[in-house]
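Here the structure is laid out as structure tokens; the discussion comes afterwards.
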Amino acid sequence: MSQGTEGRSANGASQLSMPEAPPSSDFIRDIVAADLNSNKHGGRVVTRFPPEPNGHLHIGHAKSICLNFGIALEHNGVCHLRFDDTNPTKEDVEYVESIKEDVHWLGFDWGDKLFYASDYFARLYQYAVQLITDGKAYVDSLSADEVRIYRGTLTEPGKESPYRQRSVEENLDLFARMRAGEFAEGTHTLRAKIDMASPNVNMRDPVMYRILKASHHRTGDQWCIYPMYDFTHCVSDALEGITHSICTLEFEDHRPLYDWFLDELHTPCHPQQIEFARLNLTYTMMSKRKFLALIEGGYVRGWDDPRMPTIAGFRRRGYTPEAIRSFCEHIGVAKRNSTVDMAMLEHEIREDLNKRAQRVMAVLRPLRVVIDNYPEDQVEELGAVNNPEDPAMGTRKVPFSRVVYIEQDDFREDPPKKFFRLAPGREVRLRYAYIVKCVSIVKDERTGEVVELHCTYDPETRSGGPMANRKVKATLHWVSATHALSAEVRLYDSLFTTPNPGEAEDFTTVLNPDSLEILRSCLIEPSLADATSGNRYQFERQGYFCVDPDSSPEALVFNRTVSLKDVWAKLEKAQSSTE
Ligand code: ATP
Ligand code: MG
């Protein structure tokens, strides 16, 4: 079975091998295991991931992808990728391509099982004709408004349409003419003939087809009637021999309809629909429609804006597919809706990047430091560890010279009590280099701002030197002025100020005005000269960063993936200590 076994590499992602440790069980995996035990489907496991190509995928879709592809992989089964492309006015090939890219990037592969609901339009039409012939569907000619009124409410039964009793012959004739393009949009629909008094509104003669004189991205102008989701979905599942049709909870009330269509059509295959809770994350929304509004309103730069919870946004931000998969595994699969803390996702990202991101030194808000007693023209190449978590990643050389830059934050003229970093008269260690002491400061005459520090260094404190182990209270990162590369660094914060932006009536009122901060005069150690889009690093003491696609060797651009402060780990620790 080739599914997912070969790693995909995109944008600097490393090669993966699937599956990792088998996920713990959940109620869906229990159903699949029981079905295998009872040989319900002849030992087959066939799942599908059925996105509508009306936008880019988000982290919620990742949950569904991991579940569907994951279950198939665990049982040597297959998972189909099927585009639910029945709504030509909202769909686009651009989205089809982006969805394929994102599924691959997450580490899954559908092999040759790529399908489109639009490939079934002819068969769906035949099935509709079969239902009409069996007296189970009819052409209705009520207007959309009338249909709504006739449908009734949750507490009142609906009313039968006056067209419900049309003869089979008349229905067949009208449906054929709908297809032939004889009628205007909105004049007729094809409806299933079920029960207008059903307590389940979905069963009150749901619409199966509507007239839409729109060009479809795959079938062009071949059709001017398009099947509705509920009719299309179950038939597509049946045609593909799906065994377990896994979807989100909001489709629970649609299951009787799913089963009704397949029962009435006597399809040889009748997949089992199983619903699970969708993923919600704090401080974000999870809807393609709302994402589109964010993009169209100019609040973000596009689908792949690193602040977006889309797969494309996360990829650009520097999240790894391994971390996203691990997150999806850890959140589990349940039957009750809940909201997952964003800090948990960020925790997974840190865990993964900690293992593999190369450490480098970068100064985001530089403060110039002149080391007065260091020889003018001397440059030393100092050894630095690439990743303390992984000795195999080796070491590199970092140049040191008379003028260096440190972080503005790492100096205080009047240090508060618990500030142990640099201050007048104080000593700190410059990482991999020497202990330096601040002897004087230079201020901008006009603003009073500190613009330069003068220090002296102790030559004996270099690593390997006689005083290498002398203790000081802080170690700072730094870059050499003549060697550093300049770079733009983009810092991100959550897009919204409230944990539940989806609940706001107008999400623009809860947007975080400081979700993006651009620092244009950052300085990076020279080993990053060849950094290319997608490369990931830990900037020591600052967080994890990755190279943005906007970056070039002449103008480096980095995104901060995530800071180092792990709120989630702290929460977990606090929790376990109270247990
Ligand atoms: P959106 O509301 O963002 O447009 P959708 O459900 O309409 O999402 P689809 O393209 O129809 O998007 O979804 C494809 C699959 O992904 C479906 O099986 C759907 O149930 C699943 N899915 C969508 N959102 C989530 C989520 N937040 N959590 C888990 N699964 C999801
Ligand atoms: Mg949808």
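All values reported here derive from a predicted model rather than from experimental measurement. When a ligand or atom number is given, it counts from 1 through the structure's own listing order.
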(request) Give yes if a backbone or side-chain nitrogen or oxygen of K288 is under 3.5 Å from a nitrogen or oxygen of ligand 1, and no if not. (result) yes

(request) Would you please indicate yes or no on a ring centroid separation below 6.0 angstrom for Y258 and H254? (result) no

(message) Only heavy atoms of P51, strictly under 4.0 Å: list the atoms of ligand 1 that pass.
(response) 10 (O), 14 (C)

(message) Check contact between E250 and ligand 1, using heavy atoms of the residue and a distance below 4.0 angstrom.
(response) no

(request) Could you pull out, from R278, K63, E275, the option with a heavy atom nearest to atom 24 (N) of ligand 1? (result) R278

(message) Please list, in number order, the atoms of ligand 1 under 4.0 Å from a heavy atom of P50.
(response) 14 (C), 18 (O)

(request) Any atoms of ligand 1 less than 4.0 Å from a non-hydrogen atom of M286? List them with their elements. (result) 3 (O), 27 (N)

(request) Provide the full list of ring-ring contact (aromatic ring centres under 6.0 Å, His included) pairs with a residue in residues 273-301, sequence neighbours left out, each pair given once. (result) H58-F291

(message) Test your reading of the structure: does H61 have an N or O sitting under 3.5 Å from an N or O of ligand 1?
(response) yes

(request) Consider only side-chain N and O atoms of D548 and N559, and report whether a donor and an acceptor are under 3.5 Å apart. (result) yes

(message) Regarding ligand 1, does T248 bring an N or O atom to under 3.5 Å of one of the ligand's N or O atoms?
(response) yes

(request) Measure F251 to ligand 1 on non-hydrogen atoms and call it side chain, backbone, both or neither using the 4.0 Å cut-off. (result) neither

(request) Examine the proximity of ligand 1 to R289 and report which part, side chain or backbone, both or neither, has a heavy atom under 4.0 Å away. (result) neither

(request) Take the angle between the ring planes of F175 and Y209 and call it parallel below 30°, perpendicular above 60°, tilted in between. (result) perpendicular

(request) Sort out for me which residue in D140, D230, D205 forms a salt bridge (charged side-chain N to carboxylate O under 4.0 Å, His left out) with R191. (result) D140

(message) Students often mix this up, so state it plainly: with edges at 30° and 60°, are the rings of H61 and F49 parallel, tilted or perpendicular?
(response) perpendicular

(request) Indicate the ring-plane relationship of F496 and F507, choosing parallel, tilted or perpendicular according to the 30° and 60° boundaries. (result) perpendicular

(message) Tell me every residue that passes salt bridge (charged side-chain N to carboxylate O under 4.0 Å, His left out) with E252, counting only those two or more places apart in sequence or in another chain.
(response) none

(request) Check each atom of ligand 1 against the heavy atoms of F49 and keep those under 4.0 Å away; list them by number with element. (result) 14 (C), 15 (C), 16 (O)

